[in-house]
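These notes are about the structure you will find just below.
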Amino acid sequence: MKLTILKDYDALSDAAADAIVDLVCANPEAVLCLAAGDTPKGAYALLASKAAARQADFRKATFIGLDEWLGVPPDNAGSCHYFLRHQLFAPLKIADEQIHLFDALATDMNAECRQMDDVIREKGGIDLMLVGVGMNGHIGFNEPGVRDDLYAHVVELDETTRRVGQKYFNRVTTLDKGITLGLRHVLESRTLILIASGPKKAEVIRAALKEPIGTDIPASVVRRHRNSVAMIDRDAAAHLDAGH
Ligand code: F6R
């Protein structure tokens, strides 16, 4: 794992956007799995202009959804679906055929999971995963204690995720289950970038990067990955120094 500490959120967003554009310039047919959430917002806002400046062509890329809140429809502004459509796909003019997201309203969630696993396999695996980290150390909705040998699966969200997740919604919303790619997808991805910003992530970043690797802190698997970068800003890195 490489550790990159950026000055602030803007520098982090810039570096993360560059990493995505670099990858698509090198491989226009890349399979990308880019998280929703507050952390990557700044990077996504930079992508269209960076892509134009570098003539990165996203038309042959494939986009895979990382996770979704079960039962939350895609037109709900708090859904990952809605976030990705508005923050990522619309500005980059990504066609529907390029996008594979979980249907959180599907009647057979197990089939939904297997279908996503199949798409990823048929596309030859994920080239780049860009993930955030939850306040409890989750990646996607891989909550503390999750098995690391699972592909897509449905999870009971833990208390922290239910509470913190309310920040994405306009009104209080029941968030008890999620559907997510598994840590096996994370570990099998060709490149993994974990991003974190701000003082509120400092403690979970310390735990992920300094405590023993294990699924009690799912984000710690970033250190087991063969080609990973933890890209964090100074505030999120604040507890990495000795003494914390
Ligand atoms: C979102 C996702 C979550 C978030 C994490 C951090 O698709 O998979 O794991 O990345 O909860 O969220 P933010 O960036 O809002 O702090």
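A distance of 11.5 Å separates NZ in Lys93 from CZ in Arg59, rounded to the nearest 0.5 Å. With values rounded to the nearest 0.5 angstrom, Leu101 atom CG is found 6.5 Å from Ile99 atom CD1. The distance from atom NE2 of His225 to atom CZ of Arg190, rounded to the nearest 0.5 Å, is 10.0 Å. How far CG of Leu183 is from CD of Glu188: 11.0 Å, rounded to the nearest 0.5 Å. Within the model, atoms CE of Met1 and CG of Leu194 stand 9.0 Å from one another, a figure rounded to the nearest 0.5 Å. The structure places CD of Gln55 at 10.0 Å from CG of Asp57, a figure rounded to the nearest 0.5 Å.
Residues Ile20 and Met231 are members of one and the same hydrophobic cluster, defined by side-chain heavy-atom contacts under 4.5 angstrom among Ile, Leu, Val, Met, Phe, Trp and Tyr. Each of Val119 and Phe63 belongs to its own hydrophobic cluster when Ile, Leu, Val, Met, Phe, Trp and Tyr are linked at side-chain heavy-atom distances under 4.5 angstrom. Cluster annotation: Val186 and Leu209 are assigned to the same hydrophobic cluster (Ile/Leu/Val/Met/Phe/Trp/Tyr, side-chain heavy-atom contacts under 4.5 Å, transitive). In the hydrophobic clustering of ILVMFWY residues, with side-chain heavy atoms under 4.5 Å counting as a link, Leu192 and Ile195 come out apart. Transitive grouping of hydrophobic side chains (ILVMFWY, heavy atoms separated by less than 4.5 Å) keeps Leu32 and Tyr151 in distinct clusters.
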What pairs of donor and acceptor atoms, side-chain ones from residues 102-112 against any protein atom, are under 3.5 angstrom apart with sequence neighbours left out?
{"from": "Asp103", "atom 1": "OD1", "to": "Leu105", "atom 2": "N", "distance (Å)": "2.8"}
{"from": "Asp103", "atom 1": "OD1", "to": "Ala106", "atom 2": "N", "distance (Å)": "3.4"}
{"from": "Asp108", "atom 1": "OD1", "to": "Asn110", "atom 2": "N", "distance (Å)": "3.1"}
{"from": "Asp108", "atom 1": "OD1", "to": "Ala111", "atom 2": "N", "distance (Å)": "3.0"}
{"from": "Asn110", "atom 1": "OD1", "to": "Arg114", "atom 2": "NH1", "distance (Å)": "3.1"}
{"from": "Glu112", "atom 1": "OE2", "to": "Asp103", "atom 2": "N", "distance (Å)": "2.8"}

For residues 37-47, which side-chain donor-acceptor pairs fall under 3.5 Å, sequence neighbours excluded?
{"from": "Asp38", "atom 1": "OD2", "to": "Lys167", "atom 2": "NZ", "distance (Å)": "3.1"}
{"from": "Tyr44", "atom 1": "OH", "to": "Ala35", "atom 2": "N", "distance (Å)": "3.3"}
{"from": "Tyr44", "atom 1": "OH", "to": "Ala35", "atom 2": "O", "distance (Å)": "2.6"}

Query raised in the report: When you look at Arg147 and His153, which way does the side-chain contact (heavy atoms from CB on, under 4.5 Å) test go after all the steps?
Result: CA-CA 11 Å; Arg147 279 166 48 190; His153 61 284; over 6 Å; no
Query - Verdict with supporting geometry, Glu156 and Arg162, side-chain contact (heavy atoms from CB on, under 4.5 Å) - result: CA-CA 10 Å; Glu156 285 283 330; Arg162 293 176 196 213; 3.3 Å; yes
Query raised in the report: Between Asp235 and Tyr9, does a side-chain contact (heavy atoms from CB on, under 4.5 Å) hold up when you go through it step by step?
Result: CA-CA 9 Å; Asp235 285 342; Tyr9 181 68; over 6 Å; no
**Report entry** Trace of the side-chain contact (heavy atoms from CB on, under 4.5 Å) decision for Ile126 with Met129
**Finding:** CA-CA 7 Å; Ile126 299 172; Met129 282 185 96; 3.6 Å; yes
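With sequence neighbours left out, Asp118 forms a salt bridge (charged side-chain N to carboxylate O under 4.0 Å, His left out) with Arg121. In this view, Ser220 and Ile213, Ile217, Arg223 satisfy the side chain to side chain contact (heavy atoms under 4.5 Å, CB included) rule, not counting sequence neighbours. With sequence neighbours excluded, the residues that form a salt bridge (charged side-chain N to carboxylate O under 4.0 Å, His left out) with Lys50 are Asp14, Asp18.
Side chain of Ser79 to main chain of Tyr82: a donor-acceptor pair is present (N/O by atom type, distance under 3.5 Å, no hydrogens or angles). A distance-only check finds a donor-acceptor pair linking the side chain of Asn142 to the backbone of Ile139 [under 3.5 Å]. Not one N or O on the side chain of Gln98 forms a donor-acceptor pair closer than 3.5 Å with the backbone of Thr62. Using modelled atom types, no side-chain atom of Thr180 and backbone atom of Gly140 make a donor-acceptor pair closer than 3.5 Å. A distance-only check finds a donor-acceptor pair linking the side chain of Asp127 to the backbone of Val31 [under 3.5 Å]. Remark: the backbone N or O of Ser189 is not paired with any side-chain donor or acceptor of Thr191 at under 3.5 angstrom. A donor-acceptor pair under 3.5 Å is absent between the side-chain atoms of Glu68 and the main chain of Ile179, judged by distance alone. In this structure, Asp117 contributes its side chain and Ala152 its backbone to a donor-acceptor pair below 3.5 Å. A donor-acceptor contact shorter than 3.5 Å is absent between the side chain of His185 and the backbone of Leu181.
Closest approach of Ala48 to Pro91, counting heavy atoms only: CB-O, 3.7 Å. Residues Ala56 and Cys25 share a closest heavy-atom pair of CB-SG, 3.7 Å. Of all the heavy atoms in Val133 and Ala219, the pair that sits closest is CG2-CB, 3.7 Å. Between Ile5 and Ala237, the shortest heavy-atom distance links the atoms CD1-CB, 3.8 Å. The minimum heavy-atom distance linking Gly134 with Val204 is given by the pair O-CG2, 3.6 Å.
Asp149 has no carboxylate O lying under 4.0 Å from a charged side-chain N of Arg184, or vice versa, which leaves the two without a salt bridge. For Glu211 and Arg206, the salt-bridge test passes: some basic side-chain N is under 4.0 Å from an acidic carboxylate O. Between Arg163 and Asp158, none of the side-chain N atoms (NZ, or NE/NH1/NH2) sits under 4.0 Å from a carboxylate O, so this pair counts as no salt bridge.
Side-chain contacts under 4.5 Å among hydrophobic residues (ILVMFWY), followed directly or transitively, place Val155 together with Trp69, Val72, Phe141, Leu157, Tyr168, Phe169, Leu175.
A side-chain contact (heavy atoms from CB on, under 4.5 Å) with Leu34 is found for exactly one of Ile193, Val131, Leu88, namely Leu88. Between Ile205 and the choices Leu3, Leu240, Asp233, the side-chain contact (heavy atoms from CB on, under 4.5 Å) rule is met once, by Leu240.
Inspection of the Asn136 and Thr161 side chains reveals an N or O donor paired with an N or O acceptor under 3.5 Å.
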